[in-house]
Protein chains: 2
Amino acid sequence: MTSEMLAKPMGTNPVVIRRVMAGLRDQGYVRSEKGHGGGWTLACDLSRVTLRDVYVALGSPSVLAMGNRTETPGCLVEQAVNAALGQAFEDAEALLLVRFGEVTLAMLSTDVHERLIARGKSHHLENTHA
Amino acid sequence: MTSEMLAKPMGTNPVVIRRVMAGLRDQGYVRSEKGHGGGWTLACDLSRVTLRDVYVALGSPSVLAMGNRTETPGCLVEQAVNAALGQAFEDAEALLLVRFGEVTLAMLSTDVHERLIARGKSHHLENTHA
DNA sequence: CCATTATGCAACATATGATGTTTCATGAGG
DNA sequence: CCTCATGAAACATCATATGTTGCATAATGG
């Protein structure tokens, strides 16, 4: 698949695709080839790569929208809040990462194929996007 | 306390303070008075108000930085991912809210006072910010 | 061997939301 | 009645995410 083939149905730009895929390529999950007939190819066992692996490959962006503003604040109120909620934030983040790690790409692939069948029509990537 | 007295040590603007406090006032946790000698006063029992109450009063902003992009997407891949992670997001959010609900403002107040003593000096709000 | 086609990379543009600022109206004291 | 406070709206600024453009590089296929 070329970046353009991927970008079109997702309604975005080929360069954006390349930016995202770069992380996956660096981890060896996909390979990219230049030139005529080039593009992206899978380079991993889908049953051995989880959404957590993907998450990490993409740079482990923060999963929480809030958290301690400062790790070691001078403000005593902030210190108190950090002490009260710090563990909660860590726990919530850890929970999400564990769940991410329980989902393999193979599971998603299987699910997508089942949904395709359930929809009862033949499809190409192009029209799986409404 | 006036908005200005609160804003200064937090390094922000009085208007920003008013914006935030408006939510707390609407819930009756604080009261505001205009004119000479006016400002903000506490109007609740600190032991009966939790950080979750504050969170809700502030408009329940999303606690997660990610989540389902669409609730009922046409894209089958997105459907599969939503199915795989939707519960995880809900669980993580629920966990955080529960933890928020376990912390009362009274607990924070006590903690702040202990930290004041531990620091071994007398303080005013002005210099509790480093 | 060279035109085509793809990625890689950097720079720039745009959109969005959070935060900060200004201004004016209103009300409460002294 | 002058001062000082909040309330509200409009505007400015900033940071980030996303999208776009341009060009270099590499590989294929005719």
Side-chain angles (χ1 to χ4, degrees), chain A residues 1-44 54-70 73 75 77-78 81 89 125-126 129, chain B residues 1-44 54-70 73 75 77-78 81 89 125-126 129:
Chain A
M1 308 274 296
T2 67
S3 300
E4 179 139 25
M5 287 192 272
L6 290 166
K8 260 292 174 52
M10 299 199 204
T12 185
N13 195 290
V15 180
V16 175
I17 297 292
R18 287 186 197 113
R19 271 210 283 257
V20 175
M21 299 292 278
L24 300 179
R25 184 196 52 218
D26 293 346
Q27 295 304 312
Y29 302 142
V30 297
R31 288 167 49 87
S32 65
E33 285 170 78
K34 289 183 171 184
H36 231 126
W40 300 92
T41 48
L42 279 171
C44 66
V54 173
Y55 164 78
V56 171
L58 265 43
S60 305
S62 79
V63 291
L64 302 182
M66 50 185 71
N68 297 347
R69 298 177 71 96
T70 317
C75 170
V77 175
E78 196 179 338
V81 174
F89 289 133
L125 181 58
E126 292 76 41
H129 282 259
Chain B
M1 308 273 296
T2 66
S3 300
E4 181 140 22
M5 288 192 273
L6 290 166
K8 260 294 175 47
M10 300 198 202
T12 184
N13 195 289
V15 179
V16 175
I17 297 292
R18 287 188 197 111
R19 270 211 284 257
V20 175
M21 299 293 277
L24 300 179
R25 184 196 53 217
D26 294 346
Q27 294 306 311
Y29 302 142
V30 298
R31 288 167 51 86
S32 65
E33 285 171 80
K34 290 183 170 184
H36 231 126
W40 300 92
T41 49
L42 279 171
C44 67
V54 172
Y55 164 79
V56 171
L58 265 42
S60 305
S62 80
V63 291
L64 301 183
M66 51 184 70
N68 296 348
R69 298 177 71 97
T70 317
C75 169
V77 175
E78 195 178 339
V81 174
F89 290 132
L125 181 58
E126 293 75 41
H129 281 259

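Chain letters run A, B, ... following the sequence lines, proteins first, then strands; residues in each count from 1.
In this structure, B:Asn13 atom CG and D:dC11 atom C1' are separated by 13 Å, rounded to whole Å. Atoms NZ (A:Lys34) and P (D:dA27) sit 7 Å apart, rounded to a whole Å. Spacing between atom CG of B:Leu6 and atom C1' of D:dA5 amounts to 13 Å, rounded to whole angstrom units. Rounded to whole Å, the distance from CD1 on B:Ile17 to P on D:dG7 is 13 Å. In this entry the distance linking CE of A:Met5 with C1' of C:dT5 reads 11 Å, nearest Å. Per the geometry, CE belonging to A:Met10 stands 14 Å off P belonging to D:dT18, to the nearest Å. Taking atom CZ of A:Arg18 as the reference point, atom C1' of D:dG19 lies 13 Å away to the nearest angstrom. Remark: C1' of D:dG7 and CZ of B:Arg31 are 16 Å apart, rounded to the nearest angstrom.
Looking only at side-chain heavy atoms (C-beta outward), A:Arg25 and A:Met21 stay at 4.5 Å or farther from each other. Side-chain contact check for A:Leu24 versus A:Val54: some heavy-atom pair is nearer than 4.5 Å.
The base of D:dG7 has none of its N or O atoms less than 3.5 Å from a complementary donor or acceptor on the side chain of B:Arg25.
Counting non-hydrogen atoms under 4.0 angstrom, B:Gly37 reaches nothing in the nucleic acid. Using a 4.0 Å heavy-atom cutoff across all strands shown, B:Glu4 reaches no nucleic acid atom at all.
Contact check, A:Ser32 against C:dT7: no side-chain N or O comes under 4.0 Å of OP1 or OP2. Considering only side-chain N and O atoms, B:Thr2 lies nowhere under 4.0 angstrom from the phosphate OP1 or OP2 of D:dA5.
Out of C:dG30, D:dT28, C:dG20, the shortest distance to the side chain of B:Thr12 is found at C:dG20.
Listed for the B:Tyr29 side chain is no donor-acceptor partner under 3.5 Å among the backbone atoms of B:Gly23. In terms of modelled atom types and a separation under 3.5 Å, the side chain of A:Asn68 and the main chain of A:Thr70 share no donor-acceptor contact.
Mapped onto DNA chain C by nearest heavy atom, A:Val15 and A:Gly38 fall at different nucleotides, with A:Gly38 at the one closer to the 5' end. With DNA chain D read from its 5' end, the first of the two nearest nucleotides for A:Gly35 and B:Arg19 is the one closest to B:Arg19.
With 3.5 Å as the limit, one finds no donor-acceptor pair spanning the side chains of B:Trp40 and B:Thr2.
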